[in-house]
Amino acid sequence: MVFSAIGLRLKHHATPYTEHCISHERVASTPKWRIPPIFQNRIQQPEKAMASGFLKFSVLVQKYRTPLLLTGCSGVFAADVFYHVFPENTYRKLYQAWSKGEPAVLSAKLEDVFQQVLKDSSVGAPGKYSAFAAYGFHPVGAGVPWLPSGAQIGIPANFNGTADDPSGITNRTILINGKEVEWDSEVGAALKDALLLSRDAQKFAVAREVTRLDCGGPLLQAAVAPACLAGAWIYSVALKQIFGLLAGSLILRAGVNVVAVSLGAVSYFLSSDAVSQWLEYRSDKQAASLSRDYATGGVEFYEKILSRNKILRILMGPKGEEMYAPSGNLFPASLLSLKHAPYTSRRDGILNLLKEEKA
């Protein structure tokens, strides 16, 4: 009885401090919420699967890296050179000129110019070259002469016009900014004069395409992409060896791969433009070296291109100012895209050849 009374009195006279301690003990003893193991496994399984799949892919690439690299380079080269292997079914259909719903036929006059150029150029297999009527203002070409399909040279219809008979130009309708060019106007007459070329200028324009194809220019240009792809792989391996990351963190190796691919892309743009410009200068030099008439025709050809671009710059308004420089050269598409050599530089190169010949 004594003990029970004392216990009742303690319970009756419990202080706020004792009640706080009791409540704290109850809260502390309450179990915390935890994710059941079965759900933890379900959350971790996708993460493990993704990591495992990526590791398997990395191991596979590392194991077969040489065959994969060769396959990739071969595929890129084949894609770039495809339309040069079958120029008649690809390139010719793309640049073929049409008249009244039918493919335009190359005139006998232009066919004669073409055959004369082949004779003067002393190409190894003249029968592998064929010409067709193309749209545009200057010749284009594609193909590899020593392959079965040969090479195709497109000659524009404006080459039919002469100073005495400009019908090859005036009978065509040219729309600029949705408006038809009036050949009788001052600007139209200037444009017509820029499009009229002498026979020597026409022969030079065709000869530069013949010499470019005869030296295997398309194959050289197609080889740039696979070379840069192999270079990106070399960059990746070299950087990993320099920084000791061959067995390092996966994230760091991925970062190195991104840097290597970026270097490969920059190398491709710069190398592709350099090869294109080298081929253009080489073709100009070879064509101008055929004779003095070809050289003077080359100077005229580029002078007429510069005059034409100056006129188009005026006719096209703001768009023309974005496309053509006041000198008549083309503005580059970007800082990393200087695909074509400046026309003024190509003209000056031929002028230097004429000066050297006089000296």
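Note: hydrogens, waters and symmetry copies are ignored here, and every other heavy atom, side chains too, is used.
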Do the non-hydrogen side-chain atoms of [X] and [Y] ever get within less than 4.5 Å of each other?
| X | Y | value |
| --- | --- | --- |
| Asp348 | Tyr302 | no |
| Ile176 | Val181 | yes |
| Leu191 | Trp183 | yes |
| Gln116 | Asp120 | yes |
| Tyr324 | Leu330 | yes |
| Val144 | Val85 | no |
| Pro103 | Phe132 | no |
| Leu195 | Arg308 | yes |

- Message: Among residues at least two apart in sequence or on other chains, which ones pass side-chain hydrogen bond (donor to acceptor under 3.5 Å, both in side chains) with Asn329?
- Response: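 For Asn329, the residues satisfying side-chain hydrogen bond (donor to acceptor under 3.5 Å, both in side chains) (neighbours in sequence not counted) are Ser327, Thr344.
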- Task: List in chain and number order the residues that pass ring-ring contact (aromatic ring centres under 6.0 Å, His included) with Tyr235, two or more places apart in sequence or in another chain; answer none if no residue qualifies.
- Result: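 Tyr235 satisfies ring-ring contact (aromatic ring centres under 6.0 Å, His included) with no residue once adjacent residues are dropped.
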- Message: For Asp284, run the side-chain hydrogen bond (donor to acceptor under 3.5 Å, both in side chains) check against Arg208, Arg347, Arg346 and tell me which one passes.
- Response: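 Considering Arg208, Arg347, Arg346, a side-chain hydrogen bond (donor to acceptor under 3.5 Å, both in side chains) with Asp284 is found only for Arg346.
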Smallest separation among heavy atoms of [X] and [Y], with atom names:
| X | Y | answer |
| --- | --- | --- |
| Trp146 | Cys215 | CH2-C, 4.5 Å |
| Leu213 | Pro218 | CD2-CG, 3.7 Å |
| Gln152 | Ser130 | NE2-OG, 2.8 Å |
| Val117 | Ala207 | CG1-CA, 3.6 Å |

- Could you tell me whether Arg199 and Asp112 have a side-chain N and a carboxylate O separated by less than 4.0 Å?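 Yes, charged N to carboxylate O under 4.0 Å.
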- Can a salt bridge be assigned to the pair Glu322 and Lys319 using a cut-off of 4.0 Å between side-chain N and carboxylate O?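 So Glu322 does not pair with Lys319 through a salt bridge.
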Value rounded to 0.5 Å, distance of [atom1] in [X] from [atom2] in [Y]:
| X | Y | atom1 | atom2 | result |
| --- | --- | --- | --- | --- |
| Asn309 | Met316 | CG | CE | 10.0 Å |
| Leu263 | Cys228 | CG | SG | 11.0 Å |
| Tyr83 | Tyr91 | OH | OH | 6.5 Å |
| Arg92 | Leu94 | CZ | CG | 13.0 Å |
| Phe114 | Lys203 | CZ | NZ | 14.0 Å |
| Asp273 | Tyr268 | CG | OH | 9.0 Å |

- For the pair Glu180 (side chain) and Leu175 (backbone), establish whether a donor and an acceptor sit closer than 3.5 Å, ignoring hydrogens and angles.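 Looks like no, no N/O pair under 3.5 Å.
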- Item | Mutual orientation of the aromatic rings belonging to His138 and Phe301 [parallel < 30°, tilted 30-60°, perpendicular > 60°] |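 Aromatic pair His138/Phe301 classed perpendicular.
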- How far apart are the C-alpha atoms of Gln221 and Ser276, what are their side-chain angles, what is the distance that settles it, and do they pass the side-chain hydrogen bond (donor to acceptor under 3.5 Å, both in side chains) test? CA-CA 7 Å; Gln221 288 180 305; Ser276 296; 3.1 Å; yes
- Message: Working note: Glu88 + Ser149, criterion side-chain hydrogen bond (donor to acceptor under 3.5 Å, both in side chains); need CA distance, chi angles, decisive distance, verdict.
- Response: CA-CA 7 Å; Glu88 187 173 0; Ser149 298; over 6 Å; no
- Query: Could you walk me through whether Ser289 and Tyr294 pass the side-chain hydrogen bond (donor to acceptor under 3.5 Å, both in side chains) check?
  - Reply: CA-CA 7 Å; Ser289 300; Tyr294 276 89; over 6 Å; no
- Message: I'd like to know if the side chain of Gln277 pairs up with that of His340 as donor and acceptor (distance under 3.5 Å, no hydrogens or angles considered).
- Response: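 No, no side-chain donor-acceptor pair sits under 3.5 Å.
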